[in-house]
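One structure is given here, and the rest of the page talks about it.
One-based numbering, in listed order, for ligands and for the atoms of each.
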Amino acid sequence: MSASPAAPSATKPPVTVLGLGLMGYALADALLTAGHRVTVWNRTAAKAAPLVERGALLAPSVREALEAGPLTIACLLDYDTQRALLEPAAGALHGRTLVSLTNGSPAQARETESWALALGARYVDGGIMAVPHQIATPEAFLFYSGAQDPFDEHRTTLSVLGTPHYLGPEVDVASLYDLALLSGMDMMFAGFFHATAVATSHKGTTASDFAPHLVTWLTSMLGMVPLMAADIDSSGPPAYSQTLDLVRAAARNMGDAAREAGVRADHFDRTVAELDGRIAAGETEYTASTAVDRLRVPARG
Ligand code: NDP
């Protein structure tokens, strides 16, 4: 349940939120609770009703939403949706700041910045590292990048949503970090799903039985991340290293265990094939640096 909003404050700047999906609603709700005058717009206007009951203003159009104040936070399905909504009202962005918290690629951040600057707007790109119920809690953090002046000007307002990490004036860095973290999360969940499929092939083992072991194991392994990161950054001898023979033997075992459990083993088959190639080429050592290097696509000459 939402906290009661503080009375809109004369000292807290007004904010517009475009998009009241699960995330946009949480953002608007947090700003309202913090005492900002919040104007909202959403394609499905009915979603604004509980916010309006608590004091938010529902703008009848995107243009009027943009015109309601100096700062608009957009949180929509994707950048195509965002642009399609903003384009017809683009003139209203002149002299105002647009902060996009819509998830998008670094290229989309660069394109949107160019588009916004050409309109005389100020633009900050952001990435939300939280799920809706974490907004405005200590767990929430957000990446921002782009022009520093508008970020500094609105930092206090943006801080309501979660801890802001400003990553500098290159507008695409926030989305790069955001998508890098999402990639890590996606692969972690893929690992959880795979491990659970393997473990629950044992009759009588449930996912809930197995999950605490996985959590303990992964938590312990997370402690290695900073050590491996230091190895990747260093040109000296690595602190973490295994032989490729050992890593290949483990990958074979993981593939065989998956097959025996009736679970797809294609990830491990690809890993073994790649390690076969490296061993055949004379490589012997598996380190964090070589693991990262092997992921890089060679630049086209
Ligand atoms: P939802 O699917 O709940 O909401 C999508 C929003 O986009 C709604 O406001 C929806 O309007 C609007 N929308 C979709 N299509 C159109 C369209 N054709 N025209 C106009 N409006 C449209 O998504 P979330 O709110 O969860 O996510 C919003 C953004 O936040 C996404 O980019 C997402 O990646 C990002 N995000 C979400 C997180 C999460 O955990 N949910 C976490 C971190 C980032 P309507 O209500 O009318 O359908």
Side-chain angles (χ1 to χ4, degrees), residues 2 15-32 38-53 56-66 68 71-90 92-93 98-113 115-116 123-146 158-165 167 171-189 192:
S2 305
V15 193
T16 291
V17 177
L18 289 185
L20 296 177
L22 292 176
M23 184 52 86
Y25 188 97
L27 303 177
D29 190 43
L31 291 160
L32 198 57
V38 179
T39 300
V40 295
W41 181 90
N42 194 49
R43 174 181 63 175
T44 310
K47 288 189 187 173
L51 295 169
V52 170
E53 232 169 75
L57 307 168
L58 175 62
S61 67
V62 172
R63 173 177 289 277
E64 283 158 276
L66 297 176
L71 170 65
T72 290
I73 296 172
C75 187
L76 294 150
L77 176 68
D78 55 24
Y79 269 70
D80 289 344
T81 304
Q82 181 171 289
R83 179 69 76 88
L85 288 177
L86 288 173
E87 194 77 67
L93 281 171
L98 174 65
V99 175
S100 173
L101 296 182
T102 300
N103 189 260
S105 69
Q108 286 174 318
R110 292 192 296 273
E111 277 163 23
T112 307
E113 182 188 56
W115 175 81
Y123 182 69
V124 176
D125 201 82
I128 306 172
M129 306 320 303
V131 292
H133 75 264
Q134 292 174 318
I135 292 300
T137 73
E139 286 96 63
F141 66 100
L142 292 89
F143 292 127
Y144 295 98
S145 59
L158 296 172
S159 296
V160 167
L161 309 175
T163 305
H165 296 290
L167 299 172
V171 74
D172 47 8
V173 183
S175 66
L176 186 73
Y177 273 39
D178 178 349
L179 290 167
L181 289 195
L182 286 182
S183 307
M185 180 193 74
D186 190 70
M187 291 186 194
M188 177 194 74
F189 282 126
F192 160 58

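Atom CZ of F141 is surrounded by more than 12 heavy atoms from other residues, nucleotides or ligands within 6.0 Å.
Ligand-side atoms of ligand 1 in range of G19: 9 (O), range being under 4.0 angstrom from any heavy atom. Heavy-atom proximity to G24, at under 4.0 Å, picks out these atoms of ligand 1: 25 (O).
For atom 22 (C) of ligand 1, the closest non-hydrogen atom of the protein is T81 CG2, 3.5 Å. The nearest protein atom to atom 46 (O) of ligand 1, hydrogens excluded, is given as K47 NZ, 2.7 Å; this is a heavy-atom distance. Closest protein heavy atom to atom 23 (O) of ligand 1: L22 N, 4.4 Å. Here the heavy atom of the protein found nearest to atom 45 (P) of ligand 1 is T44 OG1, 3.5 Å. In terms of protein heavy-atom proximity, atom 27 (O) of ligand 1 is nearest to M23 CB, 4.0 Å. Atom 30 (O) of ligand 1 has its closest protein heavy atom at C75 SG, 3.3 Å. Protein heavy atom closest to atom 40 (O) of ligand 1, with residue, atom name and distance, is P132 CD, 3.2 Å. In this structure, the protein non-hydrogen atom closest to atom 17 (C) of ligand 1 is R43 NH1, 3.2 Å.
Atom 14 (C) of ligand 1 has its nearest heavy-atom neighbour, among L20, D78, L77, in L77. Compare L76, D178, T102 by their heavy atoms: the one nearest to atom 31 (C) of ligand 1 is in L76. Nearest residue to atom 10 (C) of ligand 1 from L101, L182, N42, N103 is N42 (criterion: closest heavy atom).
Judged purely by distance below 3.5 Å, without hydrogens or angles, the side chains of S100 and Y79 pair a donor atom with an acceptor atom. Side-chain contact of D78 with T81: a donor-acceptor pair under 3.5 Å is present, judged by distance alone. T137 and Q134 form no side-chain donor-acceptor contact under 3.5 Å, judged by distance and modelled atom types alone. Side-chain contact annotation: W41 with E64, donor-acceptor N/O pair under 3.5 Å absent.
If you run side chain to side chain contact (heavy atoms under 4.5 Å, CB included) between L18 and each of L85, L86, V40, T39, only L86 comes through.
With T16 contributing its side chain and T72 its backbone, the two residues share no donor-acceptor pair below 3.5 Å.
By the 30° and 60° cut-offs, the orientation of the rings of F143 relative to H165 is tilted.
At a 4.0 Å cut-off, not a single heavy atom of A26 sits close enough to ligand 1 to count as contact.
One finds the CZ atom of R43 at 12.0 Å from the CG atom of L20 (value rounded to the nearest 0.5 Å).
Put simply, atom 2 (O) of ligand 1 has no protein non-hydrogen atoms near it, under 4.0 Å away.
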Exercise. Given I128 and C75, is the side-chain contact (heavy atoms from CB on, under 4.5 Å) satisfied, shown in steps?
Worked result: CA-CA 10 Å; I128 306 172; C75 187; 4.3 Å; yes

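Only the backbone of A130 comes within 4.0 Å of ligand 1, counting heavy atoms alone; no side-chain atom from C-beta on gets that close.
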